[in-house]
Number of protein chains: 2
Amino acid sequence: MTSNQENSVRLLEHGIKPSVQRLAILDYLDNHRTHPTVDVIYEELAPIIPTLSKTTIYNTLSLFVQSGVALALNIDEKNVHYDGDTSTHAHFRCLKCEQIFDVSMSEFSRPELIQGEVLETHLYYKGICNNCKNQL
Amino acid sequence: MTSNQENSVRLLEHGIKPSVQRLAILDYLDNHRTHPTVDVIYEELAPIIPTLSKTTIYNTLSLFVQSGVALALNIDEKNVHYDGDTSTHAHFRCLKCEQIFDVSMSEFSRPELIQGEVLETHLYYKGICNNCKNQL
DNA sequence: TATTAATTTGTAATAATTACAGATTTAAAA
DNA sequence: TTTTAAATCTGTAATTATTACAAATTAATA
């Protein structure tokens, strides 16, 4: 459970002024490791911050991604999902229940021959999660 | 240079009836390893097949992906790119010139602990390609 | 307190994709 | 070959995620 206090410092360290909205979004990301979409975050936070706009969530998440506070996952064809954990890891998405799981991975494999300087690595696994497989 | 003939067989092997449009799209994918988008394919093929509809390209590519004839790449936030090469490999996208390169990779790393059965693996590298780096 | 800058908000615009129904083409049956 | 049915293609309209933008609000500074 990450506190508001810690995330405030975390934002400042990345040169971001911690507003109410920004903190709420970062806290949400930190306390829900579900890799939520903009819409999910909006649905969840709107009752708490009644004036909250979806545009703010888009803007804030873009800012977070650019500043290295969060990751944008393109593991789903329809929606972008966000991850507050920027440490090295992969993701697994269940094609049935659509949940996204973290996959621990200490380092990504680097190919010997690559056409340039790598700044980001995204490793996505897709399949059927154990939960869904047991339900068949 | 893949010929119309071979791709015709390739489609049949995947249970797809080789129409003029489907063959043109598959030929294009095969002969241009640029990982084109729907729009690019449309711009290129429309002059050749004047009646071609963009909807057909969407439908055909969905069919190809579902049948295992092509891969859909979500390496670009804006557009889906398509790859006619379904063999195991990764991709590198230059954040400057936006080109997508194939990265050879004989097999994807499988993590020891994964939450389900993996059916697809997508490995995307992003950075600055050698060409763009030399131009700085 | 007055002024300026930064942030947020809501609406409108954009753009990719999908739904759908009619037109066309292909295949099969008569 | 002609008729009939099935599959495919096409164009338009609808949907949906995202971005642009300008006004409103909030925070910071003088």
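Throughout, protein chains are lettered first and strands after them, A, B, ... in sequence-line order, and every chain is numbered starting at 1. What you see is a predicted model; the values in this text were computed from it and never measured.
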Nearest-angstrom distance from the residue atom CG of A:Leu12 to P of D:dA28: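 Value for this atom pair: 11 Å.
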Roughly how many Å is it from OH in A:Tyr42 to C1' in D:dT16, rounded to a whole number?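 Taking atom C1' of D:dT16 as the reference, OH of A:Tyr42 is at 16 Å.
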Phosphate OP1/OP2 of D:dT10: any B:Thr51 side-chain N/O under 4.0 Å: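 Yes, such a contact exists.
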Say whether B:Met105 and A:Tyr125 are linked into one hydrophobic cluster, either directly or through other cluster members, by side-chain heavy-atom distances under 4.5 angstrom.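 Looking at the clustering, A:Tyr125 is in the same group as B:Met105.
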Please determine whether residues A:Ile57 and A:Phe64 belong to a single hydrophobic cluster, defined as Ile, Leu, Val, Met, Phe, Trp and Tyr linked transitively by side-chain heavy-atom distances below 4.5 Å.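 Linked within one cluster.
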Shoot me the first and last contacting nucleotide of DNA chain C against chain B, ordered 5' to 3', at under 4.0 angstrom to non-hydrogen atoms.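 That gives a stretch of C:dA16 to C:dA27.
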Does a salt bridge link A:Glu77 with A:Lys126, judged by any charged N lying under 4.0 Å from a carboxylate O?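 Counted as a salt bridge, because a side-chain N and a carboxylate O are separated by less than 4.0 Å.
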So, the side chain of A:Gln99 versus the backbone of A:Phe92: is there a donor-acceptor pair under 3.5 Å, distance only?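 It does not hold such a pair.
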Any sub-3.5 Å donor-acceptor pair from B:Gln115's side-chain atoms to A:Arg93's backbone N or O?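 Side chain of B:Gln115 to backbone of A:Arg93, a donor-acceptor pair under 3.5 Å: no, none is there.
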Please name the pair of heavy atoms, one in A:Pro111 and one in B:Val103, separated by the smallest distance, quoted to 0.1 Å.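 Of all heavy-atom pairs spanning A:Pro111 and B:Val103, the closest is CG-CG1, 3.5 Å.
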For B:Thr56, which contact category applies under a 4.0 Å heavy-atom criterion: base, sugar-phosphate, or nothing?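 Base contact - B:Thr56 has a heavy atom under 4.0 Å of at least one base atom.
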Is there a side-chain hydrogen bond (donor to acceptor under 3.5 Å, both in side chains) between A:Asp76 and A:His35? Walk through the geometry before answering. CA-CA 11 Å; A:Asp76 172 356; A:His35 315 89; over 6 Å; no
Using a cut-off of 4.0 Å between protein heavy atoms and nucleotide atoms, how would you tag nucleotides 17-27 of chain D 5' to 3' with B, S and -? SBBBB------
Sequence neighbours excluded - salt bridge (Lys or Arg N to Asp or Glu O under 4.0 Å) pairs with any residue from residues 39-53 of chain B: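 Qualifying pairs: B:Asp39-B:Lys54.
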